[in-house]
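Data first, discussion second: the structure below is written as structure tokens.
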Amino acid sequence: MYDISCSETYGFKDSFTEEDRIKKLDEVAEQRYLEFMGNEPILNSRESPIGFDDNTDPIGREFGEFYSTPWVYHPNSITQFTMTSSMSLMNFSLLSHLKSISSRPILFVIVEHAHSRYFSEDVYELSLEPRDI
């Protein structure tokens, strides 16, 4: 599980400083204005590379091996957002309504060294009983 809104707002594993966040918002606002003026949208980086080899970042390779192989890949499913989509994700946490669904049982299946483990741990802490990990 990945919380894209958290990554967009705070960086992966909360790596953004407040200055980083303001810079990102400024860049997104500038791009939004350029699009309003008729420029083409810019896509964020593609996290699941189409071409990968033994030298590819391990997480990118794992994503690529799943999302970018012929049995899963479709040209309309590009695993990318537009740069201006970041503003919506930064302003609306995907977990803001978690309590409204967490009265139902939630099961978290994660491995010890999962790249996304900390997202699941955040949801676990925010969720209500019953839950199990």
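Every heavy atom of this structure was used, including side-chain atoms; hydrogens, water molecules and symmetry mates were not.
Screening residues 52-63 for salt bridge (Lys or Arg N to Asp or Glu O under 4.0 Å), with sequence neighbours left out, gives D54-R61, R61-E65.
In the hydrophobic clustering, F92 connects to no other residue, as no ILVMFWY side-chain heavy atoms lie under 4.5 Å from its own.
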Show every donor-acceptor pair shorter than 3.5 Å between a side-chain atom in residues 34-43 and any protein atom, with sequence neighbours excluded, or say none if there are none.
{"unit_1": "E35", "atom_1": "OE2", "unit_2": "Q31", "atom_2": "NE2", "d": "3.0"}

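Side chain of D20 to main chain of T17: a donor-acceptor pair is present (N/O by atom type, distance under 3.5 Å, no hydrogens or angles). In terms of modelled atom types and a separation under 3.5 Å, the side chain of D14 and the main chain of Y10 share no donor-acceptor contact.
S88 pairs by the side-chain contact (heavy atoms from CB on, under 4.5 Å) definition with nothing, not counting sequence neighbours. Qualifying ring pair (Phe, Tyr, Trp, His ring centres under 6.0 Å) partners for F119, counting only residues two or more places apart in sequence or in other chains: Y2. Y118 pairs by the side-chain contact (heavy atoms from CB on, under 4.5 Å) definition with S7, F12, K13, E121, D122, not counting sequence neighbours. In this structure T9 satisfies the side-chain contact (heavy atoms from CB on, under 4.5 Å) test together with R21, M90, sequence neighbours excluded. Partners of S15 under the side-chain contact (heavy atoms from CB on, under 4.5 Å) rule, at least two apart in sequence or in another chain, do not exist in this structure. Annotation: side chain to side chain donor-acceptor pair (under 3.5 Å) contacts of N44 (sequence neighbours excluded): S86.
Residues L89 and M87 fall into different hydrophobic clusters, defined by Ile, Leu, Val, Met, Phe, Trp and Tyr side chains chained together at heavy-atom separations under 4.5 Å. I22 and Y33 fall into different hydrophobic clusters, where Ile, Leu, Val, Met, Phe, Trp and Tyr are joined by side-chain heavy atoms under 4.5 Å apart, directly or via other members.
The distance from atom OG1 of T82 to atom CZ of R32, rounded to the nearest 0.5 Å, is 10.5 Å. Between the CG atom in L95 and the OG atom in S5 there is a gap of 6.0 Å [rounded to 0.5 Å]. For the atom pair CZ (R117) and OH (Y124), the distance works out to 11.5 Å, reported to the nearest 0.5 Å.
Summarising the geometry of L98 relative to L126, their closest heavy-atom pair is CD2-CB, 3.6 Å, with the distance given to 0.1 Å.
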